[in-house]
Colleague: 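I'd like to ask some things about the structure below.
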Amino acid sequence: MLKVLNHPLITHKLAQMRKVETGTKDFRQNLDEIAGLMAYEICRDLPTKPVTIQTPICECQTEELSKEIVLIPILRAGLGLVNGITDLIPTAKVGFIGLYRDEETLQPHEYFAKFPNTMPDAVNMVLDPMLATGGSAVAAIDMIKKRGAKTIKLVCLVGAPEGVKAVEEAHPDVDIYLAALDDHLNEKGYIVPGLGDAGDRIFGTR
Ligand SMILES: O=P(O)(O)OC[C@H]1O[C@H](OP(=O)(O)OP(=O)(O)O)[C@H](O)[C@@H]1O
Ligand SMILES: O=c1cc[nH]c(=O)[nH]1
Ligand SMILES: [Mg+2]
């Protein structure tokens, strides 16, 4: 399932991030804010369980979240989505996948992995601002499925149709959430119109 979260606040903040003149501070801040807004929408269907609690007035039947949330940012750029989501879900556990995309072949290369052991029963959210060819997202989902993850949501800001297709074909059970579905990839594998290299813009490199 692909869901593009069309919301005026998300689109406005993404427009600030897309602008070439936006610097590191504003780029990071808008990413942080969009992450929270996207998480709010994505969490609408989180499972809950009935509980009986005691208020200061009386006993009452209500509901609590029934599954742990695990966030799995794809380094580096995925780190930019973590704080905005943990502000909303402070109990979330965080795993890490280090992947970089070879600039020539566009193939993903793994350099780090560290996961909480709760992935098999958790709702796992793979985080990366950019879904371009989809190679990195497909590899990241392969890695967490090997460790037992079953419920998986892929959370990206900007996606290309090529990347969406690649993930849908490799992992049809994974829900994909985007803030925007862009037009296409250019000859260097960058999303058009996109926002450039997310990692470099978040961390001020290059
Ligand atoms: O869909 P794909 O074609 O695989 O491209 C998307 C990947 O490329 C970027 O990472 P990059 O390799 O630039 O690493 P970085 O986050 O360290 O900058 C981006 O953050 C994704 O992980
Ligand atoms: O447009 C793109 C494609 C891959 N990675 C990025 O950071 N940006
Ligand atoms: Mg990068």
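Source: prediction; values computed, not measured. Just so you know, these numbers use all the heavy atoms, side chains as well, and skip hydrogens, waters and symmetry mates.
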Colleague: Report the C-alpha separation of Leu5 and Ile42 in whole Å, then their side-chain angles, then the decisive distance to 0.1 Å, and conclude whether the side-chain contact (heavy atoms from CB on, under 4.5 Å) test is met.
Modeller: CA-CA 9 Å; Leu5 301 173; Ile42 292 165; 4.1 Å; yes

Colleague: Any side-chain heavy atom of Ile72 sitting closer than 4.5 Å to one from Met119?
Modeller: yes

Colleague: In sequence, state the C-alpha distance, the side-chain angles, and the governing distance for Leu46 and Ile69, and then conclude on side-chain contact (heavy atoms from CB on, under 4.5 Å).
Modeller: CA-CA 9 Å; Leu46 284 185; Ile69 312 295; 3.7 Å; yes

Colleague: Taking side chain as C-beta onward, heavy atoms only, is Asp173 less than 4.5 Å from Lys145?
Modeller: yes

Colleague: Check whether any side-chain heavy atom of Val126 sits under 4.5 Å from a side-chain heavy atom of Ile74, and report yes or no.
Modeller: yes

Colleague: For residues 82-89, dump all side-chain donor-acceptor pairs below 3.5 Å to protein atoms at least two apart in sequence or in another chain.
Modeller:
residue	atom	partner	partner atom	Å
Thr86	OG1	Val82	O	3.2
Thr86	OG1	Asn83	O	3.3

Colleague: Can you see whether His12 engages Asn30 through a side-chain donor-acceptor pair at a distance of less than 3.5 angstrom?
Modeller: no

Colleague: With a 4.5 Å limit on heavy-atom distance, are the side chains of His171 and Ile152 in contact?
Modeller: no

Colleague: List the atom pairs, with distances to 0.1 Å, where a side-chain N or O of residues 133-140 and a protein N or O form a donor-acceptor pair under 3.5 Å, not counting sequence neighbours.
Modeller:
residue	atom	partner	partner atom	Å
Thr133	OG1	Gly135	N	3.1

Colleague: Measure from NZ or CZ of Arg76 to the centre of the six-membered ring of Phe112 and say whether it is under 6.0 Å with the direction within 45° of the ring axis.
Modeller: no

Colleague: Please test Leu37 against His7 for side-chain contact (heavy atoms from CB on, under 4.5 Å), starting from the C-alpha separation and ending with a verdict.
Modeller: CA-CA 9 Å; Leu37 291 168; His7 186 293; 5.5 Å; no

Colleague: Is there a side-chain contact between Leu75 and Tyr111 (heavy atoms, below 4.5 Å)?
Modeller: yes

